Colleague: 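Could you have a look at this structure, given as structure tokens, before my questions?
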Protein chains: 2
Amino acid sequence: MPSPDPNTNSGPARDRFDALHQELRDRICLLDYAPGTRLSETVLAEEFGVSRTPMRRVLARLEAEGLLHSVQGVGTFVTDATIDELEQVYRLRMELAELSGRLAPMRPTPDQLDGFRQISNRAKALIDTPDPRAFARLIMDFFLALLALTDNAPLREISERLYFQTTRIWLTSLFDSVLDAQREYEIFNREVEDILVALEIGDMQAAAHIQRAHISMSFTRMQQGTS
Amino acid sequence: MPSPDPNTNSGPARDRFDALHQELRDRICLLDYAPGTRLSETVLAEEFGVSRTPMRRVLARLEAEGLLHSVQGVGTFVTDATIDELEQVYRLRMELAELSGRLAPMRPTPDQLDGFRQISNRAKALIDTPDPRAFARLIMDFFLALLALTDNAPLREISERLYFQTTRIWLTSLFDSVLDAQREYEIFNREVEDILVALEIGDMQAAAHIQRAHISMSFTRMQQGTS
DNA sequence: GCTCCTGTTGTTGTGTACATCGAGTGACGT
DNA sequence: ACGTCACTCGATGTACACAACAACAGGAGC
């Protein structure tokens, strides 16, 4: 019996799907495909060596997740968001962050704590050698690592989805120099340090509240830079 | 110019997709397709007079929403949920219900209030002439009407999605006589009345807290009936 | 010069045949 | 009698050809 998974959450076809899905999602969220970019099913299918059919399935999933939008005869576009839509999501994300610390918090394992320390080191390194794309990847890793400390699976999925929908828009402001990149690096480094302190003493609610505060402030800074 | 929608959220193909999507979602959530049921892409496609391709697109969306699960060589199945998974979602839904009243509440318009009174009347009628499927439809209409009072679009989508994922499982307990149907009708009637009182004086937070209490109690009753 | 119409082109949507996979069945060997 | 293996069958997954649709360019008409 080579399949140790009785629930059949894997399989050849599903693995291919997941690989394509994650790759395209990363490209969108790391701004390789900026908001408004038009994608072609054909060229994407050729790039990954599959036909349009499975590629369309992946694109349809990304559309369900709010990252793409297809219209017949025109094309499939990477979604954008107005400042008002963004504010709604950020308000919600703030509440969900607090929920993560209150509903089903899990104290980090030693391995997980090491992971956070590595993230902190990467953040410090970024201050000296700026790299926007590495920064995008880093804040994603940090968010996902924090999310892993929540035992509520639906809450994890929802928070993750909202993160992918909004942070790339926020990063756009950073890439376009609406926000000061160097300053953001330092702020993030401080955030990681502060949350790490809370995690090390096992105060998950404190960590959640710090995260909530930074979600709020990052949006406020973007608002002020835009106006 | 016959198209008054510049955002292109409609269109011939998209309309067909939405129609199929809503119809199948209703069948799943009204227990026409009970959890565990195996569906056939071919027969569904034939029933609606389309080919497998657009039908598969709809099924893929429902899979993304957690209502279906397809595995190659076996079939597509209506998802079920263990009591533990259900508890996680219910805990989350309780918090989101409170959020609806706190984050972006909108006082109901006179038309919306009339809608709630009609729902109340339907609930009263159901007590005398029981009808499980009509009850399923009624509580769905009530939930969606309450959701319409929240101005936060992402919160609406998320709450709706969690509702569709879980309430059908709860209804299963009702259909299988784990819960007393007559008693549930009366409890629901009371819930609608109580929330209506809060809505009429414009106290949205009170309405949200009543809803939260009923979400909690309905799950508790199911737990007690199952054990 | 401007408007409208029409053909062209490229896109996503649909239909259909085939590939791939897994469960069930039956014969075979032990 | 029981386990094993090969086969069959129906399911979902994939590839490709075509239809439907929208934007664009170019020219006729005013």
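Values in this document were obtained by computation on a predicted structure and should not be read as measured data. Chain letters run A, B, ... following the sequence lines, proteins first and then strands; every chain starts at 1.
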Colleague: Could you check how far CG of B:Leu39 sits from P of D:dT12, rounded to whole Å?
Modeller: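 Computing the B:Leu39:CG to D:dT12:P distance gives 9 Å.
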Colleague: Decide yes or no, distance alone: a donor-acceptor N/O pair under 3.5 angstrom between the base of C:dT11 and the side-chain of A:Gln72.
Modeller: no
Colleague: In terms of side-chain heavy atoms of A:Val74, which of C:dT12, D:dA22, D:dA15 is nearest?
Modeller: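 Nearest nucleotide to the side chain: D:dA22.
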Colleague: Do the side-chain N or O atoms of B:Thr53 get closer than 4.0 angstrom to the phosphate oxygens (OP1, OP2) of C:dT14?
Modeller: no
Colleague: Whole angstrom is fine here: how far is it from CG in A:Leu44 over to C1' in C:dT11?
Modeller: 13 Å
Colleague: Nearest-nucleotide wise, let me know which of B:Gly73 and A:Ser70 is further upstream toward the 5' end of DNA chain C.
Modeller: A:Ser70
Colleague: What is the separation between atom CG on B:Asn9 and atom C1' on D:dA22, rounded to the nearest whole Å?
Modeller: 16 Å
Colleague: Just distance, no hydrogens or angles: give the donor-acceptor pairs under 3.5 Å from side chains in residues 32-39 of chain A, sequence neighbours left out.
Modeller:
unit_1: A:Asp32; atom_1: OD1; unit_2: A:Arg133; atom_2: NE; d: 3.1
unit_1: A:Asp32; atom_1: OD2; unit_2: A:Arg133; atom_2: NH2; d: 2.5
unit_1: A:Tyr33; atom_1: OH; unit_2: A:Arg27; atom_2: NH1; d: 2.8
unit_1: A:Thr37; atom_1: OG1; unit_2: A:Ala34; atom_2: N; d: 3.2
unit_1: A:Thr37; atom_1: OG1; unit_2: A:Ala34; atom_2: O; d: 2.6

Colleague: With a 4.0 Å cut-off on heavy atoms, is A:Arg52 in touch with a base, just the backbone sugar-phosphate, or nothing at all?
Modeller: base
Colleague: Of the nucleotides C:dT14, C:dT12, D:dT12, which one has an atom closest to the side chain of A:Thr76?
Modeller: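 Side chain of A:Thr76 sits closest to C:dT12.
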Colleague: Donor-acceptor pair, distance only, cut-off 3.5 Å: does the side chain of B:Arg14 make one with the backbone of A:Ser70?
Modeller: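 Side chain of B:Arg14 to backbone of A:Ser70, a donor-acceptor pair under 3.5 Å: yes, one is there.
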Colleague: Nearest-Å distance, CZ (B:Arg57) to C1' (C:dG15)?
Modeller: 15 Å
Colleague: Pick the nucleotide of DNA chain D nearest each of B:Pro12 and A:Pro12; which residue has the one closer to the 5' end?
Modeller: A:Pro12
Colleague: Report the distance from atom NE2 of A:His69 to atom C1' of D:dA22, rounded to the nearest whole Å.
Modeller: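 So the two atoms are 14 Å apart, to the nearest Å.
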Colleague: Using heavy atoms to find the nearest nucleotide of DNA chain C for B:Val50 and A:Gly11 separately, return the residue whose nucleotide is more 5′.
Modeller: B:Val50
Colleague: Using only side-chain N and O atoms of B:Arg16, determine if any of them is under 4.0 Å from OP1 or OP2 of C:dT14.
Modeller: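 So the side chain of B:Arg16 is within the cut-off, an N or O lying under 4.0 Å from OP1 or OP2 of C:dT14.
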Colleague: Tell me: CG of B:Asp15 to P of C:dT12, nearest whole Å?
Modeller: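 About 19 Å, once rounded to whole Å.
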Colleague: Could you list the donor-acceptor pairs under 3.5 angstrom formed by side chains in residues 104-116 of chain A, with sequence neighbours left out?
Modeller:
unit_1: A:Thr109; atom_1: OG1; unit_2: A:Gln112; atom_2: N; d: 3.1
unit_1: A:Gln112; atom_1: OE1; unit_2: A:Thr109; atom_2: N; d: 2.9
unit_1: A:Asp114; atom_1: OD1; unit_2: A:Arg117; atom_2: NH1; d: 3.0

Colleague: How many Å lie between CG on A:Leu59 and C1' on C:dT11, as a whole number?
Modeller: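 About 13 Å, once rounded to whole Å.
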Colleague: Compare the minimum distances between each of C:dG13, C:dG22, D:dG13 and the side chain of A:Arg56, then state the nucleotide with the smallest one.
Modeller: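 The nucleotide sitting nearest to the side chain is C:dG13.
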Colleague: B:Arg14 has an atom CZ; how far is it from atom P of C:dG13, in whole Å?
Modeller: 7 Å
Colleague: Within the distance-only criterion (no hydrogens, no angle test), does the side chain of B:Ser173 pair as donor or acceptor with the backbone N or O of B:Val178 below 3.5 angstrom?
Modeller: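 Here the side-chain-to-backbone pair does not exist.
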Colleague: With a 3.5 Å distance limit and no angle check, can you tell me whether A:Gln165 reaches the backbone of A:Glu65 through a side-chain donor-acceptor pair?
Modeller: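 Pair found, side chain donor or acceptor close to backbone of A:Glu65.
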Colleague: Categorize A:Arg38 for me: base, sugar-phosphate, or nothing, with a 4.0 angstrom heavy-atom threshold over every strand shown.
Modeller: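 Contact class for A:Arg38: sugar-phosphate only.
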